[in-house]
Amino acid sequence: MNSKPQPLRETVRETLRHRIVEGHYAPGARLVERELAAEFDVSRLPVREALRMLSQEGLLSEPGPRGAEVNAMGAKDVEDLFEMRQLLESFACRLAAERATSEDLDKLAGLLDYSARCLARGAKMAGYHANIEFHEEIIRIANNSFLKSSLDPLQGRMHLLFQHRSELSGLIQEHRDLYEAIASGDPERAAAQAASHVARYRDELIRSLGLRLTASKARPAS
């Protein structure tokens, strides 16, 4: 079966996003339309569209005559992002618990097994990408177009933050717990597990980046 070729703007966007996520472009680096068009050997139009889409994802500043800059994320940005992620991810997992088929569950389990194999052979970034795909698969299983359109603009920034996660084994275990909650078919359990997972990841990320929580969002010591 023939598949339609990917539009040039998507090819450029995926390559640039991959570079940003893996740290090839540091925060503040300027991406210039003319230079990228020459590098990719394409016209400037698909590059302009790719930069605009990455700006909508929050990875770049608004493109201007001198190009677009790679955005940095401060503590407030991280907190705001995770508030929305927790709300939407909990809803996605609630729906996934209700709607997942046995084939869906097999796909989720396969991604976790692949991530574990990546960890065993030291392929850390490949393992992170498998865990990102795990979340994307949950959104697919939830099968709610409005939920997906709400999450899509957050995805690029979440992918950027994943590179700061130092404990891949812990992430895999958290996702196994989330998988078990979804596989149980209990929407409340799945939603609660998702909320807990996102909150733990947020707190760990804030600490690993050396950022300070705002007073209104700092958790009391237990």
At what distance, to the nearest 0.5 angstrom, does [atom1] of [X] lie from [atom2] of [Y]?
{"X": "Ile141", "Y": "Ile182", "atom1": "CD1", "atom2": "CD1", "result": "6.5 Å"}
{"X": "Leu60", "Y": "Arg52", "atom1": "CG", "atom2": "CZ", "result": "12.5 Å"}
{"X": "Gln193", "Y": "Glu180", "atom1": "CD", "atom2": "CD", "result": "10.0 Å"}
{"X": "Ile138", "Y": "Arg99", "atom1": "CD1", "atom2": "CZ", "result": "14.0 Å"}
{"X": "Leu178", "Y": "Glu89", "atom1": "CG", "atom2": "CD", "result": "7.0 Å"}
{"X": "Ile20", "Y": "Glu57", "atom1": "CD1", "atom2": "CD", "result": "8.5 Å"}

Charged N to carboxylate O under 4.0 angstrom, [X] versus [Y]?
{"X": "Glu174", "Y": "Arg200", "value": "yes"}
{"X": "Arg176", "Y": "Asp113", "value": "yes"}
{"X": "Glu39", "Y": "Arg19", "value": "yes"}

For this session: Taking salt bridge (charged side-chain N to carboxylate O under 4.0 Å, His left out) as the test, write out the residues that go with Arg117, two or more places apart.
Result: none

For this session: Tell me, please, which residues at least two apart from Asp177 pass salt bridge (charged side-chain N to carboxylate O under 4.0 Å, His left out).
Result: none

Do you know which two heavy atoms are closest between [X] and [Y], and how far apart they sit?
{"X": "Ser61", "Y": "Ser55", "answer": "O-OG, 3.4 Å"}
{"X": "Arg44", "Y": "Ala37", "answer": "CG-CB, 3.8 Å"}
{"X": "Ala50", "Y": "Arg9", "answer": "CB-O, 3.6 Å"}
{"X": "Asn71", "Y": "Gly58", "answer": "ND2-O, 3.0 Å"}
{"X": "Leu168", "Y": "Ser115", "answer": "CD1-OG, 4.2 Å"}

Problem set entry | Summary of salt bridge (Lys or Arg N to Asp or Glu O under 4.0 Å) pairs that have at least one residue in residues 144-154, sequence neighbours excluded | Lys148-Asp152

In terms of hydrophobic clustering (I, L, V, M, F, W, Y; side-chain heavy atoms under 4.5 Å; direct or indirect links), are [X] and [Y] co-clustered?
{"X": "Met84", "Y": "Leu151", "value": "yes"}
{"X": "Val12", "Y": "Val70", "value": "yes"}
{"X": "Met125", "Y": "Leu111", "value": "no"}
{"X": "Leu105", "Y": "Phe134", "value": "yes"}
{"X": "Ile139", "Y": "Leu87", "value": "no"}

Seminar exercise, completed: Sequence neighbours excluded, the answer for side-chain hydrogen bond (donor to acceptor under 3.5 Å, both in side chains) partners of Ser43 is none

Problem set entry | Residues which pass side-chain hydrogen bond (donor to acceptor under 3.5 Å, both in side chains) with Glu14, listed by chain and number, not counting sequence neighbours | none

Exercise. With distance as the sole criterion, is a donor-acceptor pair present between the side chains of Arg94 and Ser90 under 3.5 Å?
Worked result: no

Exercise. Can you tell me if His175 and His197 form a side-chain donor-acceptor pair at under 3.5 Å?
Worked result: yes

Exercise. Quick one: side chain to side chain contact (heavy atoms under 4.5 Å, CB included) partners of Ala126, sequence neighbours excluded?
Worked result: Tyr114, Cys118, Ala123

Exercise. Got a sec: does the CZ of Arg66 have more than 12 other heavy atoms crowding it under 6.0 Å?
Worked result: no

Exercise. Knowing that exactly one of Leu54, Leu51, Leu16 qualifies, which makes a side-chain contact (heavy atoms from CB on, under 4.5 Å) with Leu59?
Worked result: Leu54

